[in-house]
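Throughout, protein chains are lettered first and strands after them, A, B, ... in sequence-line order, and every chain is numbered starting at 1. Since the structure is predicted, the reported quantities are computational estimates derived from the model, not experimental observations.
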2 protein chains.
Amino acid sequence: MPDRLPPLTALRAFDAAARHMSFARAADELNVTPAALSFQIKSLEEHLGQPLFRRLNRAVELTEAGRTLAPGVEDAFQRLTRSWRATRRLHDTTTLSVTAGPAFTAKWMAPRLYEFAQAHPEIDLRFIASLRMMDFDRDEIDVAIRFGHGPDPGLYALPLAFEWLTPVMTPEMARRFPTPESLRKAPLIFDDSLDFLDPPCDWAAWFRAVGIDHAPEHGLRFSQADHAVDAALAGGGIVLGRRALVVKDLHEGRLVAPYGVALSTKAHFRFLCPRGAETRPHIAAFRDWILAEIGKTASVTEGLTIVPAEDVAPK
Amino acid sequence: MPDRLPPLTALRAFDAAARHMSFARAADELNVTPAALSFQIKSLEEHLGQPLFRRLNRAVELTEAGRTLAPGVEDAFQRLTRSWRATRRLHDTTTLSVTAGPAFTAKWMAPRLYEFAQAHPEIDLRFIASLRMMDFDRDEIDVAIRFGHGPDPGLYALPLAFEWLTPVMTPEMARRFPTPESLRKAPLIFDDSLDFLDPPCDWAAWFRAVGIDHAPEHGLRFSQADHAVDAALAGGGIVLGRRALVVKDLHEGRLVAPYGVALSTKAHFRFLCPRGAETRPHIAAFRDWILAEIGKTASVTEGLTIVPAEDVAPK
DNA sequence: ATGTTCGATTAAATAGAGCTTAACTGAACC
DNA sequence: GGTTCAGTTAAGCTCTATTTAATCGAACAT
């Protein structure tokens, strides 16, 4: 193996200098004096045999060689940092980073979080609400809660509960619309965040499940499920609510599900973490707590007729 | 920015140890004593707060943390090495690494290489014959010669010559088959390496170009163009030869192209290098030499009727 | 068994890489 | 025309990284 790497500290100095395009700021980032940094760069240039920076009056710019070297070095150090952080997180059982979509965060996690904090005061919970699928290492995430199905290679994936949708509304609203048939004239709320499901789980599908041929088009539309539920809570209409998002409101009487027919879907909320991480104590504790919380509300399914969405899929 | 990277030398030691799964061999690779390496690993484990290796009787194995850290670190150091080498190559004008397909290597480069070596004794030419598209940085290649067209973002691409195909054969063979029509009964040789071209440039297309409806199927087949030409040179038959591959044999009388009709194609041999590299002196010298060599044989096209392959494409 | 060998560890001593302080340069800004 | 800013240079110091040499423990050969 021919020419070996130059001193690594020099490469790190170059990385910082190239990112900041300034020796002073790079020195600052690395907590050294500009003199030290200047020295490192010079040493690197000697190892290479040609300059990496062109020294201008009051600034520096990369030479051809510098431009060749910088991207790879930057990338390499980023990877080192990422791996190192991921490894440190392994035995850090004091903080737990969880990401979930905004709806699950607002309607499921937020109302229950303080209970987890009480049960596990030793765990610092950090919550990142985002729909974007994240990289566990890059984004320093321990656990993700995502709605979906399908295989996730390399991940530990635990379905949290059997999921279904049923019309939910305030009790007053339920008095005004006592039967499914009466919903034809009701103010329906549309939750566009479920559009991606196949077979579809929309109002038309639910009406087919109760034997009604009706494909409503008009009403309030929300791109986030929690906003749709909030609108229903405010008495603004009737929404096809996902179990996980409405179970607490049903339990506590703020919402009711009067018709006894729910659409089931293959997608569920799932607990995801890197394979193997599920045995780390704080992650296991969080998972067990979620499962226990879900167990508490298992009874809401009682008395419901469950119709699989695929049975009422459009031809 | 929280926890910073540990000492980089320790990470490099870990990288080597994890790759070799042996402190002794890792120490050997880094040209240090096993003691030094042991020390580095220990220091890294202290920084991390937990062991990276499980020390067995006479071997080591990675712990969970070690397995988490190793792939990223390995990858990062590989990138560093790659970038560093690529940058070093920038001002190394003593060696030039060229890759080309086996046919171009055998039929174009090999017979001319010694002339280049004479003209540029200061340049050490390294030749890699392979059809596989290579990564300039990863494989430490300066120049690639490839047959094709289409855009190559980020690359400097220079078409080397207008390319065409015409039946070529030994002079004796030409006497036995004086006209295109007589080729119906001739021993045709098939060069399967051109199958990917669209529009096709096969025997059927050439026959259409001379107004003959004939789609031969049987004959010698070669997956590499140089073997097909070799077979023709040996008097084994008649092959549709690409200009670049047969021009030298035509020039020197070993082959003849008696029918005066050639099929042109949009694909040509191209000179490829990373954008910007074309100004480096030894690369420019090589490019200029290739262009000059091609210029020497420009006259072979004289007197040929060129028929674009797309004009005789099957409906 | 038992001695040998191999791979890792430890301790003490040492070389030198990498850092800091401090003084200097040169262009740009006011 | 002085001030400031960014980088450079030189001297000296600190502590990291390394070596040498001795130690340990298990495995292998005899």
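Between B:T9 and D:dA17, a side-chain N or O to OP1/OP2 separation shorter than 4.0 Å is present. Look at A:Q40 and you won't find any side-chain N or O under 4.0 angstrom from OP1 or OP2 of C:dA17. Remark: B:R55 is not in phosphate contact with C:dG7, judged by side-chain N or O atoms under 4.0 Å from OP1 or OP2.
Residue pairs meeting the ring pair (Phe, Tyr, Trp, His ring centres under 6.0 Å) criterion with at least one partner in residues 25-48 of chain B, sequence neighbours excluded, do not occur; the list is empty.
Residues satisfying the side chain to side chain donor-acceptor pair (under 3.5 Å) test with A:Q224, not counting sequence neighbours, are A:D226. Contacts of B:F104 classified as ring pair (Phe, Tyr, Trp, His ring centres under 6.0 Å), with partners at least two apart in sequence or in another chain: B:W108, B:F269.
The distance from atom CG of A:L37 to atom C1' of D:dG7 is 10 Å, rounded to the nearest whole Å. Put simply, CZ on A:F39 is 11 Å from C1' on D:dT8, counting in whole angstrom units. In this structure, B:M21 atom CE and C:dC6 atom C1' are separated by 17 Å, rounded to whole Å.
Residues from residues 41-52 of chain A with heavy atoms under 4.0 angstrom of DNA chain D, sorted by number: A:K42.
Across its full length, the helix from C:dA1-D:dT30 to C:dC30-D:dG1 shows an angle of 30° between the axes of its 5 terminal pairs at either end, rounded to 10 degrees.
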Exercise answer: donor-acceptor pairs, residues 281-288 of chain A side-chain atoms, under 3.5 Å, sequence neighbours excluded:
{"from": "A:H282", "atom 1": "NE2", "to": "A:D92", "atom 2": "O", "distance (Å)": "3.3"}
{"from": "A:H282", "atom 1": "NE2", "to": "A:T95", "atom 2": "O", "distance (Å)": "3.4"}
{"from": "A:R287", "atom 1": "NH1", "to": "A:Y156", "atom 2": "OH", "distance (Å)": "3.0"}

